[in-house]
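Comments concern the structure below.
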Amino acid sequence: MSISENIKKYRSELPEDVKLVAISKTKPNEDLMEAYEAGQRIFGENKIQEMTDKWEELPKDIEWHMVGHVQRNKVKYMAPYVNLIHAVDSLKLLKEINKRAKQNERSIDCLLQIKIAEEDSKFGISRQEAREILESEAYAEMKHVNIVGLMGMATFTEDKKQVREEFDRLKSAFDDFSQDFPELKEISMGMSGDYKIAVECGSTIVRIGSSIFGERNYN
Ligand SMILES: *Cc1c(COP(=O)(O)O)cnc(C)c1O
């Protein structure tokens, strides 16, 4: 199927209140434009330089989401335009985002990345560390970042039961936090291989790359 057919398929298949982020990392602008012309407006990237190049060249009504691990010294490059940063994993990073957002006279929405996978290669913080950030005085004083939810990545495995347990873990952290922090609205979980389970577990944002754009070539 073509990129535009894939976009339409996902749009009709996903519940209306679940946002689709088209993960376009490594893909050329022509591919993003095909998705754009099929109505897609939210794109996700994992490298700040690549995202910034695409932001400069593509239509300005695109919403750009940074889904990858973020290095503090690169925050400044995306601060003028980024819409949502999915993988915030420290107060230090949040401080830098706040500082750069302020310089650009805007405020930036963020998600805290919680480590839910068994495998230890994945980034993220514990539920307790996330709560400490939310409750910290430092965060309370930041006027230019809003933590609007949580993000997580399940283990890359065929074991659906395990994936479901990991997504349930994120949903349960979300339910726990949102009693004290009603501004938390989003749960970013689910990729090409596991988005159906993620939606069943309460995802509000799915991040789909290869099953829209095809396999990625890294060279
Ligand atoms: C690449 C990536 C995705 C998309 O993965 P696919 O399996 O191609 O759908 C989702 N989330 C993050 C954080 C990614 O880096």
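One-based numbering, in listed order, for ligands and for the atoms of each.
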SB check E96 R100 (cutoff 4.0 Å): yes

Quick one: ligand 1 N/O to protein N/O pairs below 3.5 Å?
unit_1	atom_1	unit_2	atom_2	d
ligand 1	8 (O)	S210	N	2.7
ligand 1	8 (O)	S210	OG	2.8
ligand 1	8 (O)	R216	NH1	2.8
ligand 1	8 (O)	R216	NH2	3.1
ligand 1	9 (O)	S192	N	3.0
ligand 1	9 (O)	S192	OG	2.5
ligand 1	9 (O)	G209	N	2.8
ligand 1	11 (N)	R207	NE	2.9
ligand 1	15 (O)	K25	NZ	2.6

Electrostatic pair D176:R127 at N-O distance under 4.0 angstrom: yes

Carboxylate-amine/guanidinium proximity below 4.0 Å for E45 and K54: yes

Any carboxylate oxygen within less than 4.0 angstrom of a Lys/Arg side-chain nitrogen, looking at K171 and D175? yes

Hey, is E165 close enough to K161 for a salt bridge, meaning N to O under 4.0 Å? yes

Using a strict cut-off of less than 4.0 Å between a Lys/Arg side-chain nitrogen and an Asp/Glu carboxylate oxygen, indicate whether D194 and K160 qualify as a salt bridge. no

